[in-house]
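Have a look at the structure below before the remarks.
Residue numbers start from 1 in every chain, and the chains themselves are labelled A, B, ... in the order their sequence lines are given, proteins ahead of strands. Just so you know, these numbers use all the heavy atoms, side chains as well, and skip hydrogens, waters and symmetry mates.
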Protein chains: 2
Amino acid sequence: MSPNLSQRLKDSGIQPSAQRLAVAQYVLSTDDHPSADQVLAKVQSLVPMLSRATVYNTLNLFVEKGLLKQLVLAEGKVVFDPVLSPHHHFIDDDTGRIEDVPWDAIRVSDPARLEGYDVTEYMVVMRGRKLGGPRKLQKKR
Amino acid sequence: MSPNLSQRLKDSGIQPSAQRLAVAQYVLSTDDHPSADQVLAKVQSLVPMLSRATVYNTLNLFVEKGLLKQLVLAEGKVVFDPVLSPHHHFIDDDTGRIEDVPWDAIRVSDPARLEGYDVTEYMVVMRGRKLGGPRKLQKKR
DNA sequence: GTCAAACTCTGGATTAAGTCTAAAGCCGAA
DNA sequence: TTCGGCTTTAGACTTAATCCAGAGTTTGAC
């Protein structure tokens, strides 16, 4: 997909390797908000010789180098998001699926000006149900 | 403290017991946003004969009966909040401390009207540093 | 008061997510 | 080719949380 993922890793100060590229290929271009185990499963199906430790190392490295953000939004779920620009999140209570919500979809009265706090970052976290649509993953618990 | 905590439990459909009252006494009146282990430690210092399983059972029961809310905001921290009315949260990146932010302190353009979603609940999650103050818990890691 | 049924608590075993470690593999520079 | 430094691996370890089966309590009927 990405023209040269390898270059992108180098630009972030990461030495490319087969395993790192395989992880990058999936995790940097998904909007699934996968957990570490989901990344492991997915990438392992393509590159069977891949250990758990490597996946964790790689994900943590990517987070450290700023290619990924780590989110902790729901019940015991640590999840990775390749969208680096600020945005909000919606969590579907039925499926557990997390979706990105564009920054402009919601207006928030500047919390950076909160009395007595130096707010460096914020987001709106919403919960509910997604309406209409193909309703594909309804019972994906 | 609370005039009759016992009654409050009954009103929520919870059979009071020594252990449950001890847990309730602490967790329903704190603004510490304690984790389960913190609750265990705290309550055990008053009532030494208290098992971990009981604390988890009790906390889960309280959540189920609507006396507590369970929050998952930060890195591997499941935390409990007795404030049931809607409010926002601020997380101090230095100390990890979570503080409640009054609902009215921030205005959000009604996310309940988000196109294609049925939003039942939302909050603003902020991160940053707390300013000034007695700076008491600075290195409380 | 006594008894049984139902509920509650306990410690220890178990599970699951994540980290650590020591050894082996790989790769580029001299 | 050989060396040194990264990267990967499998498995041991850690920690949070849940499960379980037995023991202890409470309640209500008699």
- Message: With a 4.0 Å cut-off on N to O distance, would you call Lys69(A) and Asp81(A) a salt bridge?
- Response: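 No, Lys69(A) and Asp81(A) are not salt-bridged.
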
- Query: Is the shortest distance from a Lys or Arg side-chain nitrogen in Arg129(A) or Asp94(A) to a carboxylate oxygen in the other one below 4.0 Å?
  - Reply: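 Yes, charged N to carboxylate O under 4.0 Å.
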
Of all the choices, [options], which nucleotide is nearest to the side chain of [X] once you look at every atom?
| X | options | result |
| --- | --- | --- |
| Ala36(A) | dT9(D), dG18(C), dC19(D) | dG18(C) |
| Val78(B) | dA17(D), dC9(C), dT7(D) | dA17(D) |
| Arg20(B) | dC9(C), dT10(C), dG18(C) | dC9(C) |

Send over the distance from [X] [atom1] to [N] [atom2], rounded to a whole Å.
| X | N | atom1 | atom2 | result |
| --- | --- | --- | --- | --- |
| Gln44(B) | dC9(C) | CD | P | 14 Å |
| Gln19(A) | dT8(D) | CD | P | 4 Å |
| Ile14(B) | dC9(C) | CD1 | P | 11 Å |
| Asn57(A) | dC6(D) | CG | P | 15 Å |
| Leu59(B) | dA17(D) | CG | P | 10 Å |
| Tyr56(B) | dC9(C) | OH | P | 17 Å |
| Leu61(B) | dC19(D) | CG | P | 14 Å |
| Glu64(B) | dT18(D) | CD | C1' | 15 Å |

- Message: At less than 4.0 Å, is any side-chain N or O atom of Ser51(B) found next to OP1 or OP2 of dT10(C)? Yes or no.
- Response: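 True: Ser51(B) side-chain N/O within range (under 4.0 Å) of dT10(C) OP1/OP2.
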
- Give Ser17(A) one of three labels, base, sugar-phosphate or nothing, depending on what nucleic acid heavy atoms sit under 4.0 Å from its own.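 Sugar-phosphate contact only.
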
Just by distance, do the side chain of [X] and the backbone of [Y] share a donor-acceptor pair under 3.5 Å?
| X | Y | answer |
| --- | --- | --- |
| Thr30(A) | Val27(A) | no |
| Gln38(A) | Ser35(A) | yes |
| Asp32(B) | Pro34(B) | no |

- Message: Nearest heavy atom decides the nucleotide; on that basis, is Asn60(B) or Met49(A) closer to the 5' end of DNA chain D?
- Response: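 Closest to the 5' end, via its nearest nucleotide, is Met49(A).
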
- Report the residue (Arg52(B) or Gln15(B)) whose heavy-atom-nearest nucleotide on DNA chain D is the more 5′ of the two.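 Mapping each residue to its closest nucleotide by heavy atoms, the 5'-most match is Arg52(B).
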
- Query: Nearest nucleotide by nearest heavy atom, which residue falls closer to the 5' end of DNA chain C, Pro16(B) or Ala53(B)?
  - Reply: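 Going by which nucleotide is closer to the 5' end, it is Pro16(B).
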
